[in-house]
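Below you'll find the structure, written out as structure tokens, and then a few comments.
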There are 2 protein chains.
Amino acid sequence: MTDRNPSGRELEILKILWDAGPSTVRQVHEQMAPDGELAFNTVQTLLRIMDDKGLVEHQREGRTFVYSPRRTRENETSRLVDKMFDGSLDQLVVSLLSSRNVSDAELKKLEQIISAARKRKEPSRKGK
Amino acid sequence: MTDRNPSGRELEILKILWDAGPSTVRQVHEQMAPDGELAFNTVQTLLRIMDDKGLVEHQREGRTFVYSPRRTRENETSRLVDKMFDGSLDQLVVSLLSSRNVSDAELKKLEQIISAARKRKEPSRKGK
DNA sequence: GGAGAAAACCTAATAACTTAGGTTATTGTG
DNA sequence: CACAATAACCTAAGTTATTAGGTTTTCTCC
């Protein structure tokens, strides 16, 4: 039970909580089903179960519960990369670049992100 | 039915097929459960169901079936990124860099991968 | 050809996921 | 106070996932 993965709907809810921050059942419901494709109660049940499983936690706010994700998107993604690529970030990126059309602007941004990460790493390479 | 996601075990099996190439039930079983934690029949059933769902396909080879994945790892990953990050590759990478310790060697390799992708995209243009 | 092994095929039970209806408690309003 | 609204709580039904035991088929070897 240590690390069961979130199922489809669970992931959907986690994503909403990641994007929107701590939310009430109502708020999550509105995000998931703005046109009522899903009952309020359904979302409520899902959240309660996820609470039991430790995927989210809640806090009373007056008489309503405010739910927050327990796992960060970072960790969740990391687990996925481990699962799909044995942890190889390189492989993941190669894979993504080959499967989707990435704009030059995005590539450029990526380049910057990487080089920034390298700079952050380099200067402290003396300590050991 | 168009795009249901593979569940835990299914993903595990897909990964084996991606890594090892087309395999028989026995081969998959040995990969998944070298010490018999899972029955042969279990793996066989999983593969048959995945076949029904179109996640894998099979081919007779003598009297045994050889299974191959129908979806590429690339596509599967792509779908996941869409789900978690609304398709933003940048966000994904930022996220991963923050959640794991990436070696400088790996970062360097990443840089090369990306700059190669850029070149492929705009052969006529110059880098900065 | 028959015995044994290995494979596919059939079946089923349990657990987990997904959905939502009904019930109860709280609170704000006329 | 009574009533409507809103929220949590309880329950359950239908579906999918996970697991594996039997059964039948097919091959191989003596």
Side-chain angles (χ1 to χ4, degrees), chain A residues 1-17 22-71 76 83, chain B residues 1-17 22-71 76 79-80 83:
Chain A
M1 223 63 81
T2 348
D3 66 339
R4 171 150 212 88
N5 16 316
S7 63
R9 283 292 191 210
E10 286 173 346
L11 193 57
E12 205 177 325
I13 288 181
L14 279 179
K15 182 170 178 308
I16 286 170
L17 295 180
S23 308
T24 64
V25 175
R26 188 153 301 278
Q27 286 165 337
V28 173
H29 178 238
E30 263 156 23
Q31 286 282 315
M32 280 182 93
D35 303 317
E37 312 90 309
L38 223 58
F40 176 87
N41 275 350
T42 300
V43 178
Q44 196 173 45
T45 303
L46 282 170
L47 277 166
R48 192 146 22 79
I49 292 171
M50 289 172 75
D51 205 346
D52 290 345
K53 287 201 263 187
L55 285 173
V56 301
E57 61 190 355
H58 74 270
Q59 211 185 349
R60 259 218 142 77
E61 188 99 0
R63 68 169 164 144
T64 84
F65 288 178
V66 177
Y67 289 90
S68 320
R70 265 183 177 286
R71 285 184 188 158
E76 204 50 43
K83 210 169 270 177
Chain B
M1 219 75 81
T2 349
D3 65 341
R4 170 151 213 87
N5 17 318
S7 63
R9 282 292 190 211
E10 286 173 347
L11 192 57
E12 204 178 327
I13 288 181
L14 279 180
K15 181 170 179 307
I16 286 169
L17 295 179
S23 309
T24 64
V25 175
R26 187 151 302 278
Q27 285 165 336
V28 173
H29 178 238
E30 263 157 22
Q31 286 282 313
M32 279 180 93
D35 302 317
E37 312 89 308
L38 222 59
F40 176 87
N41 274 350
T42 300
V43 178
Q44 195 172 46
T45 304
L46 282 170
L47 278 166
R48 191 147 22 79
I49 292 171
M50 288 171 76
D51 204 347
D52 289 346
K53 288 201 262 188
L55 285 173
V56 301
E57 61 191 356
H58 74 270
Q59 211 185 348
R60 258 217 142 77
E61 188 99 359
R63 69 171 162 143
T64 82
F65 288 179
V66 177
Y67 289 90
S68 321
R70 266 183 176 287
R71 286 185 188 156
E76 205 49 44
R79 287 155 46 83
L80 275 170
K83 210 168 267 178

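By convention in this document, chain letters (A, B, ...) are assigned in the order of the sequence lines, proteins followed by strands, and residues within each chain are numbered from 1.
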Atom-to-atom span, [atom1] of [X] to [atom2] of [N] - whole angstrom:
{"X": "A:Tyr67", "N": "D:dA7", "atom1": "OH", "atom2": "C1'", "value": "10 Å"}
{"X": "A:Leu55", "N": "C:dT18", "atom1": "CG", "atom2": "P", "value": "11 Å"}
{"X": "A:Met32", "N": "C:dT18", "atom1": "CE", "atom2": "C1'", "value": "10 Å"}
{"X": "A:Gln59", "N": "D:dA7", "atom1": "CD", "atom2": "C1'", "value": "17 Å"}
{"X": "A:Met50", "N": "D:dA8", "atom1": "CE", "atom2": "C1'", "value": "18 Å"}
{"X": "A:Phe40", "N": "C:dT19", "atom1": "CZ", "atom2": "C1'", "value": "15 Å"}
{"X": "B:His29", "N": "D:dT18", "atom1": "NE2", "atom2": "P", "value": "16 Å"}
{"X": "A:Ile49", "N": "D:dA8", "atom1": "CD1", "atom2": "C1'", "value": "14 Å"}

(message) Restricting to salt bridge (Lys or Arg N to Asp or Glu O under 4.0 Å), what partner residues turn up for A:Arg70, sequence neighbours left out?
(response) A:Glu57

(request) Return the set of residues passing salt bridge (Lys or Arg N to Asp or Glu O under 4.0 Å) with B:Arg48 (not counting sequence neighbours), or none when no residue passes. (result) none

(request) Check DNA chain C against residues 6-16 of chain A and give the residues with a non-hydrogen atom under 4.0 Å, in numerical order. (result) A:Ser7, A:Gly8, A:Arg9

(request) Examine C:dA7: is either OP1 or OP2 under 4.0 Å from a nitrogen or oxygen in the side chain of B:Arg26? Give yes or no. (result) yes

(message) Please determine whether a side-chain nitrogen or oxygen atom of A:Lys53 lies at a distance below 4.0 Å from atom OP1 or OP2 of C:dC17.
(response) yes

(request) Classify every nucleotide of nucleotides 20-30 of chain D by which part a protein heavy atom approaches to under 4.0 Å, writing B for the base, S for the sugar-phosphate alone and - for neither, in 5'-to-3' order. (result) BBB---BS---

(message) Closer than 4.0 angstrom, basic N to acidic O: yes or no for A:Glu10 and A:Lys53?
(response) yes

(message) Between B:Glu12 and B:Arg9, does any NZ, NE, NH1 or NH2 come within less than 4.0 Å of an OD or OE carboxylate oxygen?
(response) yes

(request) List for me each residue that meets side-chain contact (heavy atoms from CB on, under 4.5 Å) alongside B:Asn41, sequence neighbours excluded, and say none if there are none. (result) B:Gln44

(message) I want to check something: taking the side chain as every heavy atom from C-beta on, are B:Val66 and B:His58 in contact at a cut-off of under 4.5 Å?
(response) no

(request) When you get a sec, tell me which of C:dC17, D:dT19, D:dA17 is the closest nucleotide to the side chain of B:Leu46? (result) D:dT19

(message) As a test of understanding, state which of B:Leu55, B:Ile16, B:Ile13, B:Val56 forms a side-chain contact (heavy atoms from CB on, under 4.5 Å) with B:Tyr67.
(response) B:Val56

Let me have the donor-acceptor pairs involving side chains of residues 26-39 of chain B, under 3.5 Å, with sequence neighbours excluded, atom names and distances please.
from    : atom 1 : to      : atom 2 : distance (Å)
B:Gln27 : OE1    : B:Thr24 : N      : 2.8
B:Gln27 : OE1    : B:Thr24 : OG1    : 3.4
B:His29 : NE2    : B:Leu38 : O      : 2.5
B:Glu37 : OE1    : B:Asp35 : N      : 3.2

(request) Test B:Ser68 against B:Leu17 for side-chain contact (heavy atoms from CB on, under 4.5 Å), laying out the working first. (result) CA-CA 6 Å; B:Ser68 321; B:Leu17 295 179; 5.9 Å; no

